[in-house]
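As structure tokens, the structure follows; a few thoughts come after it.
Whatever order the structure lists ligands and atoms in, that order sets their numbers, starting from 1.
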Amino acid sequence: MKKVYLETFGCQMNVSDSERIATTLEADGYQITSDEDSAEVILFNTCSVREKAEHKLYTRIGQVRKTKQNQSALIGVLGCVAQLEGETLFQKSEGIDFVLGTKAVGRISSAIENTSGRHQTYIDLGEREANYEWSVSEKQRHSPYVAFVPIIEGCNKFCTYCIVPFSRGRERSLPASNIIRQVLDLRRQGVKEIHLIGQNVNSYRPKTDTGLENFVGATPFSRLLRAVAATGIERIKFTTSFPRDFHPDIVDAIDENENLCNWVHLPVQSGSDRILKAMRRGHTIENYLRRIDKIRASRRDISLTTDIIVGFPGETIEDFQDTVKLAEYCQFDMYYMFKYSPRPGTPAFELPDDVSPKTKTERFLELEQVLKRSQFNSLQKELNKTVKVLAEGFSSRTNDILSGHLASHKIVNFEAGKELLGQIVNVKITECKSNTLFGKIV
Ligand code: 5AD
Ligand code: SF4
């Protein structure tokens, strides 16, 4: 039985793809190992969203080539870098045996077979199989209690800074009947929380209505949310939402269904209309704020999180201050922040990257202060409350402290034994440190 080591970089979609890659390999008689030294096949599932993520791949290949005991092991590059670089990867980094694009991952076993024992490289950037299997075996899920369910792949938005429409192709929604079947299976297997995932989940638009006929909603996505809620699974989260397509009915669906979690991730990217236009985001600050007001007016305390890029080409100090102002107004419960990273092939790559690295860092740190403060305030609101936490695993530091998420996606650490793993437990919040809550079982 061939041993395969699989390392994943990047977003939830990559983690989810890797789960399916491992599922396929296992079904075809391979053994997945966490020990890269003993592996006969080494796979990197890659990310190209920022330059740093892409460089990680080249560093890791270098390390593996140098330290690997098994010099004959095959190295395969999958995912976004594979799709974008194609043939050129073989020149860019020595020692790669095969390259498999984002839609070709279902053919991982034939890529290995086609490369094994032959002294030639292999590449497959082809389309997805019509009968591609989206479900994941229980053993290969990243968690026994939490599962990712892709509902839409690709992206049609072409924000000017973003490589994703090029690495992942056009939007394609999965049939609702398939999604609902997967959720019912997961529920039967004891999964407590599912994440409906996609680059833009709320752009969900399947070819037919099968599976959604009995559900109301102003958009196919809000009908899907109600249909998934009706499966009775305990928790449903969804990421990422695209502001332009964020219909108020999504908030109504959350208000109506307790198992639709009180968390919305809505990346704003910038607080300046001028920059948003240059980014071609398709939303203005005014209509972003209208959506936020609807979310904040919910009867449930919906946690609002975002992504922001600082230092986009042409960003002036005034543009940046507009972003700071927006962050102060929105009081985000959690955030991801990035320095603009030029990506070859995107429209913004043609613009001068004219905000200096020093200024990018200064703006990053200044905005971080504002975002950290609102994140801390949001966590502090939980102090002395008794909240429901899904006990997902051990805290990174010790084995007698468990860690898990609230429905609002805040993280809590609490003292408890492993027998509680997989359960949704009541925890009284006793302490709040920078970005984590601590509590005691009640
Ligand atoms: N530079 C910096 N950040 C980027 N993102 C996407 N492309 C870039 C880029 N070229 C960020 C956006 C997006 C998140 C997933 O990554 O904020 O929402
Ligand atoms: Fe990239 Fe914009 Fe698509 Fe998000 S919506 S993946 S930022 S192009």
Side-chain angles (χ1 to χ4, degrees), residues 9-17 46-56 79-81 83-84 102 150-173 195 197-205 221 238-246 264-272 275-283 288 291 304-315 319-320 323 326-327 330 332 334-355 357 359-361 363-364 367-368 371:
F9 308 110
C11 66
Q12 286 178 330
M13 198 52 99
N14 264 18
V15 173
S16 171
D17 282 344
T46 60
C47 169
S48 56
V49 78
R50 283 169 293 275
E51 198 181 4
K52 247 196 206 151
E54 190 169 334
H55 275 163
K56 236 194 229 162
C80 291
V81 181
Q83 185 68 41
L84 292 164
T102 47
I151 64 164
I152 179 169
E153 62 170 335
C155 183
N156 292 349
K157 309 298 190 280
F158 289 95
C159 302
T160 54
Y161 52 81
C162 187
I163 198 69
V164 170
F166 304 94
S167 60
R168 292 214 166 249
R170 294 298 66 74
E171 281 171 7
R172 196 174 68 92
S173 298
H195 292 214
I197 64 167
Q199 241 65 47
N200 302 294
V201 281
N202 55 330
S203 307
Y204 180 74
R205 202 165 286 279
F221 180 62
F238 54 90
T239 51
T240 293
S241 296
F242 186 63
R244 193 195 64 196
D245 298 347
F246 193 87
V264 172
H265 182 63
L266 201 61
V268 68
Q269 311 297 2
S270 167
S272 152
I275 295 296
L276 288 176
K277 204 165 171 206
M279 288 176 163
R280 234 182 277 148
R281 285 287 291 174
H283 67 86
Y288 184 82
R291 282 154 177 85
L304 172 68
T305 65
T306 203
D307 294 348
I308 299 183
I309 297 175
V310 295
F312 184 81
E315 183 188 79
D319 293 320
F320 172 68
T323 303
L326 177 95
C330 291
F332 294 109
M334 214 255 294
Y335 64 90
Y336 297 94
M337 245 176 90
F338 310 98
K339 294 179 198 167
Y340 170 69
S341 166
R343 304 282 59 217
T346 62
F349 189 75
E350 306 306 321
L351 304 170
D353 182 17
D354 55 0
V355 181
T359 305
K360 276 184 193 165
T361 302
R363 290 181 185 173
F364 186 97
L367 184 60
E368 194 180 36
L371 291 165

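In this model, a donor atom of one side chain and an acceptor atom of the other lie less than 3.5 Å apart for Thr361 and Lys339. Residues His265 and Thr305 bring a donor and an acceptor atom of their side chains to less than 3.5 Å of each other.
Counting only protein atoms, the N, O or S atoms lying less than 2.8 Å from atom 3 (Fe) of ligand 2 are Cys155 SG, ordered by chain and residue number.
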Check the pair Arg363, Asp319 against salt bridge (charged side-chain N to carboxylate O under 4.0 Å, His left out), reporting the backbone distance first and the verdict last. CA-CA 11 Å; Arg363 290 181 185 173; Asp319 293 320; over 6 Å; no

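Between Lys360 and Asp353, at least one side-chain N (NZ, or NE/NH1/NH2) sits under 4.0 Å from a carboxylate O, which counts as a salt bridge. Taking a cutoff of 4.0 Å between a charged side-chain nitrogen and a carboxylate oxygen, Asp245 and Arg205 do not qualify as a salt bridge.
Phe332 is linked by a ring-ring contact (aromatic ring centres under 6.0 Å, His included) to nothing, counting only residues two or more places apart in sequence or in another chain. Taking Ser16 as the reference, Arg20, Phe148, Pro150, Ile197 meet the side-chain contact (heavy atoms from CB on, under 4.5 Å) condition, with sequence neighbours excluded.
Contact annotation: the side chain of Phe221 approaches that of Ile151 to within less than 4.5 Å [non-hydrogen atoms, C-beta and beyond]. When side chains are defined from C-beta on, Leu266 counts as touching Phe246, because their heavy atoms get closer than 4.5 Å.
Near Tyr161, meaning under 4.0 Å from one of its heavy atoms, ligand 2 places the atoms 7 (S).
A distance-only check finds a donor-acceptor pair linking the side chain of Asp354 to the backbone of Gly314 [under 3.5 Å].
Contact residues for ligand 1 (protein heavy atom closer than 4.0 angstrom to any ligand atom): Val49, Arg50, Tyr161, Gln269, Asp307, Ile309, Phe338, Lys339, Tyr340, Ser341, Arg343.
The closest approach between any non-hydrogen atom of Arg168 and ligand 2 is not below 4.0 Å.
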